[in-house]
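One structure is given here, and the rest of the page talks about it.
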There are 2 protein chains.
Amino acid sequence: MARRAPRPAGATLPAPGGPRRIPDAAVARLGTYHRVLTDALAAGSCTVSSEQLAGLAGVNASQVRKDLSYLGPTGTLGVGYDVEHLLGRIGVELGLTRHWPVVIVGAGNLGRALANYRGLAARGFVVAGLVDADPTKVGRTVGGLAVEPLEALEGLIAERRVRIGVIATPASAAQEVADRLVAAGVRAILNFAPAPVGVPPGVSVRKVDLALELQVLSYHQVRATTRTRGDGTHPRRAAAPALRPDPRGAGR
Amino acid sequence: MARRAPRPAGATLPAPGGPRRIPDAAVARLGTYHRVLTDALAAGSCTVSSEQLAGLAGVNASQVRKDLSYLGPTGTLGVGYDVEHLLGRIGVELGLTRHWPVVIVGAGNLGRALANYRGLAARGFVVAGLVDADPTKVGRTVGGLAVEPLEALEGLIAERRVRIGVIATPASAAQEVADRLVAAGVRAILNFAPAPVGVPPGVSVRKVDLALELQVLSYHQVRATTRTRGDGTHPRRAAAPALRPDPRGAGR
DNA sequence: CCCCCTTCGTGAACGCGTGCACAAGCGGGC
DNA sequence: GCCCGCTTGTGCACGCGTTCACGAAGGGGG
Ligand SMILES: NC(=O)c1ccc[n+]([C@@H]2O[C@H](COP(=O)([O-])OP(=O)(O)OC[C@H]3O[C@@H](n4cnc5c(N)ncnc54)[C@H](O)[C@@H]3O)[C@@H](O)[C@H]2O)c1
Ligand SMILES: NC(=O)c1ccc[n+]([C@@H]2O[C@H](COP(=O)([O-])OP(=O)(O)OC[C@H]3O[C@@H](n4cnc5c(N)ncnc54)[C@H](O)[C@@H]3O)[C@@H](O)[C@H]2O)c1
């Protein structure tokens with residue numbers, strides 16, 4: 001119950017009247033649920049239990065229920081969750097019911113790969129623009145989209161109502177690009193350049209650093225070889241239960 | 001010091017007295033420090049303070065000191081950290097002193113971008129192989145490397161001592177590819193496919209899901225527009241202090 | 001109509017990661 | 001040679017995220 005939870009007074013700053021704030025980690029998992037539920041629906045499932053959903057998403061079942069509880073009561077006791085309803089619920093909360101125009105800055109290896117990535121459109125993100133500072137790159141067509149000059153950035157953002165920007169330039173240009181994006185009205189930035197970018201409050205930034213991921217793996221390797229055997233540092237799920245068309249009837 | 005720490009037998013798995021276990025979050029930041037320190041060294045800095053390093057990496061100064069403390073005493077009181085020494089220390093801990101051969105599975109948009117990515121070699125990761133199941137892709141040269149058939153995967157891994165694998169195939173093939181990688185001796189996997197992969201204990205997996213990142217940003221946008229003004233949810237750093245060739249002498 | 005089985009939703013405990021504050025210690029200046 | 005200021009390293013507390021365990025509630029079968 002308690003759709004809007006009773007806030008124990010004394011919270012520092014977390015917007016006292018907020019309906020319900022969902023932690024980033026949970027939001028990310030909700031996105032995963034949305035994807036696997038889409039598959040499940042296509043496969044003919046009408047309802048799923050938290051246990052099944054957990055298996056598909058590769059997380060704990062308690063985690064699933066906790067995450068979904070942020071959306072309010074969405075399941076049916078004794079039955080599970082209605083796939084279609086749950087999809088709609090998550091979609092509304094995450095803003096996946098509308099299309100988000102995205103601008104990609106930098107038409108290099110990564111920028112072009114992103115522009116070609118069909119997984120974006122599938123989640124409601126449409127690449128509304130792809131710009132590059134290099135004149136020799138301008139005019140090239142990638143993924144059905146023509147590369148536009150860097151000067152077109154501001155006009156493009158305003159005209160196409162772009163709110164999300166992707167930085168795929170060298171690190172040295174990241175901050176400058178971010179500043180221009182924000183000045184032009186972008187409110188959320190996904191940064192692939194290995195450089196921290198500062199933005200004014202109210203603008204969200206997320207960073208993806210590939211080399212960093214590999215370095216963490218490298219560290220694990222060093223640890224594993226130093227110590228005789230790999231310890232149980234990574235208790236990843238053992239096996240994924242297959243997607244089952246009929247969600248019920250799993251005799252136990 | 002205690003380079004090789006006394007292992008108190010009987011620990012469940014958290015190995016209380018283990019050499020020193022570094023949490024993943026800290027390992028990732030150490031990687032960042034390593035990168036910015038490399039730049040700082042090139043720029044002529046001999047020593048840096050935790051405050052300066054924090055500015056360059058975009059994190060808290062306390063965080064920097066806490067992270068570096070995992071390496072043991074590395075700084076000089078009243079002075080700061082010797083850049084060269086610290087680089088070496090982090091490099092050893094993260095295994096960046098050697099070259100890590102990496103195999104990339106899937107020569108699509110993403111796989112090719114990765115193979116072309118110079119940032120990998122700069123961190124000590126060399127793409128030792130790039131394989132694809134599509135015969136029409138085999139033989140193509142990308143980043144000075146020829147695409148090899150999927151059948152060559154096992155031989156390639158064994159021959160070139162590959163320990164790290166990257167999955168850049170469609171989600172449907174992710175688990176199968178992961179199984180083959182592990183069976184062939186790979187002990188760490190970076191997974192770009194939006195599907196959870198299960199691996200036996202002792203193998204590390206990290207997942208990067210681009211669409212998920214955008215969905216989190218999308219959620220922030222929805223929140224920001226619903227509530228009148230963006231709250232202070234993202235207290236990102238305000239400004240980055242410029243890299244200073246002479247680290248000392250900041251008279252204050 | 002009642003009972004049992006299933007499954008959600010959540011309160012509470014645990015562990016981790018983060019940020020603060022301070023004592024200890026080293027270098028430079030006088 | 002001594003003192004002062006600067007910076008590290010860390011103990012501590014707080015808040016968040018994750019997991020366990022259980023009460024509540026609905027459906028199906030007898
Ligand atoms: N290639 C990868 O797989 C990969 C993976 C992870 C991260 N990254 C990071 O992503 C960024 C791009 O990587 P890449 O491999 O595509 O590099 P790239 O050199 O192939 O492409 C960079 C592009 O940005 C353009 N550019 C430069 N300055 C610009 C500016 N101020 N405004 C607009 N465009 C500008 C360049 O003309 C170039 O086309 C880099 O920071 C890299 O570290 C790349
Ligand atoms: N393109 C991007 O920017 C991007 C970004 C994030 C995530 N991803 C994910 O990365 C993966 C690859 O994306 P992409 O855009 O490169 O797709 P893609 O279709 O361009 O490339 C996939 C490649 O994998 C090959 N392949 C298929 N099955 C294989 C198998 N069993 N073994 C080896 N190779 C196989 C295909 O022949 C193809 O060349 C996808 O899962 C996608 O969701 C892509």
Side-chain angles (χ1 to χ4, degrees), chain A residues 1-3 5-8 10-14 20-30 33 46-55 57-82 85-86 89 233 235-237 247-252, chain B residues 1 12-16 20-30 33 46-55 57-83 85-86 89 233 235 237 247-252:
Chain A
M1 268 354 103
R3 184 72 51 88
R7 181 93 22 71
T12 347
L13 66 87
R20 36 196 134 79
R21 221 188 59 83
I22 307 181
D24 272 16
V27 171
R29 284 189 298 268
L30 284 173
Y33 305 153
C46 291
T47 62
V48 290
S49 69
S50 59
E51 200 85 37
Q52 293 173 316
L53 192 47
V59 300
N60 191 295
S62 298
Q63 188 88 73
V64 171
R65 294 198 295 274
K66 176 76 83 181
D67 291 340
L68 294 182
S69 75
Y70 287 116
L71 308 177
T74 49
T76 309
L77 283 170
V79 176
Y81 301 90
D82 180 84
H85 174 252
L86 192 52
R89 205 62 202 75
T233 307
R236 288 288 175 189
R237 74 217 190 77
R248 186 71 67 67
R252 126 40 72 60
Chain B
M1 268 318 165
T12 342
L13 70 85
R20 30 199 135 79
R21 221 188 58 83
I22 309 181
D24 272 16
V27 172
R29 283 190 299 269
L30 285 173
Y33 305 153
C46 292
T47 62
V48 291
S49 70
S50 60
E51 201 85 37
Q52 293 174 318
L53 192 47
V59 299
N60 191 296
S62 298
Q63 188 88 71
V64 171
R65 293 198 295 274
K66 177 78 80 178
D67 291 340
L68 295 182
S69 75
Y70 287 115
L71 307 178
T74 48
T76 309
L77 283 168
V79 175
Y81 301 91
D82 181 84
V83 174
H85 174 252
L86 191 53
R89 206 60 202 76
T233 307
R237 76 218 190 76
R248 187 68 70 63
R252 130 49 64 49

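So that the names make sense, note that chain A is the first sequence line, chain B the second, and so on, each numbered from 1. Everything numeric in this text was worked out from a predicted model, so none of it was measured.
To the nearest 0.5 Å, atom OH of residue A:Tyr81 and atom OG of residue A:Ser50 are 5.5 Å apart.
Between C:dT6 and A:Tyr81, no contact under 4.0 Å exists linking OP1 or OP2 to a side-chain N or O.
Checking side-chain atoms of B:Arg89 against main-chain N and O of B:Leu71 turns up a donor-acceptor pair under 3.5 Å. At distances below 3.5 Å, not a single donor-acceptor pair connects side-chain atoms of A:Thr76 with backbone N or O atoms of A:Val79.
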Show each protein N/O and nucleotides 18-22 of chain D N/O combination with a separation under 3.5 Å, one pair to a line.
residue, atom, partner, partner atom, Å
D:dT18, OP1, A:Arg29, NH1, 2.9
D:dT18, OP2, A:Arg29, NH1, 3.1
D:dT18, OP2, A:Arg29, NH2, 2.7
D:dT18, OP2, A:Gln63, NE2, 3.4
D:dT18, O5', A:Gln63, OE1, 3.4
D:dT19, OP2, A:Gln63, OE1, 2.9
D:dC20, OP2, A:Asn60, ND2, 3.4
D:dA21, N6, A:Arg65, NH2, 3.3

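Atom CG of A:Asp82 is separated from atom C1' of C:dT7 by 15 Å (rounded to the nearest Å). Rounded to an integer number of Å, the gap from B:Leu68 CG to D:dT7 P is 15 Å. In this entry the distance linking CD of A:Glu51 with C1' of C:dT6 reads 12 Å, nearest Å. Between A:Arg89 atom CZ and C:dC8 atom P the separation is 17 Å, expressed in whole Å. Taking atom CG of A:Leu53 as the reference point, atom P of C:dT7 lies 14 Å away to the nearest angstrom. In this structure, the CG atom of B:Asp24 is 19 Å from the P atom of C:dG15, given to the nearest Å. Between the P atom of D:dT7 and the CG atom of B:Leu86 lies a distance of 16 Å, rounded to the nearest Å.
Taking the side-chain hydrogen bond (donor to acceptor under 3.5 Å, both in side chains) definition, one finds that B:Tyr33 meets it with B:Asp67, sequence neighbours left out. Residues that satisfy the side-chain contact (heavy atoms from CB on, under 4.5 Å) test with A:Ser62, not counting sequence neighbours, are A:Asn60, A:Arg65.
Looking only at side-chain heavy atoms (C-beta outward), A:Leu30 and A:Leu68 come within less than 4.5 Å of each other.
For B:Ser50, whose side chain is taken as the heavy atoms from C-beta onward, the closest listed nucleotide among D:dT10, D:dT8, C:dT7 is D:dT8. Comparing D:dG17, C:dT7, C:dG25 against the side chain of B:Leu77 picks out C:dG25 as the nearest. Side chain of A:Ser49, nearest nucleotide from C:dG17, C:dT7, C:dT10: C:dT7.
Nucleotides of DNA chain D nearest to A:Thr76 and A:Pro23 differ in position, and the one nearer the 5' end is that of A:Pro23.
Annotation: salt bridge (Lys or Arg N to Asp or Glu O under 4.0 Å) contacts involving residues 73-82 of chain B, sequence neighbours excluded, are absent.
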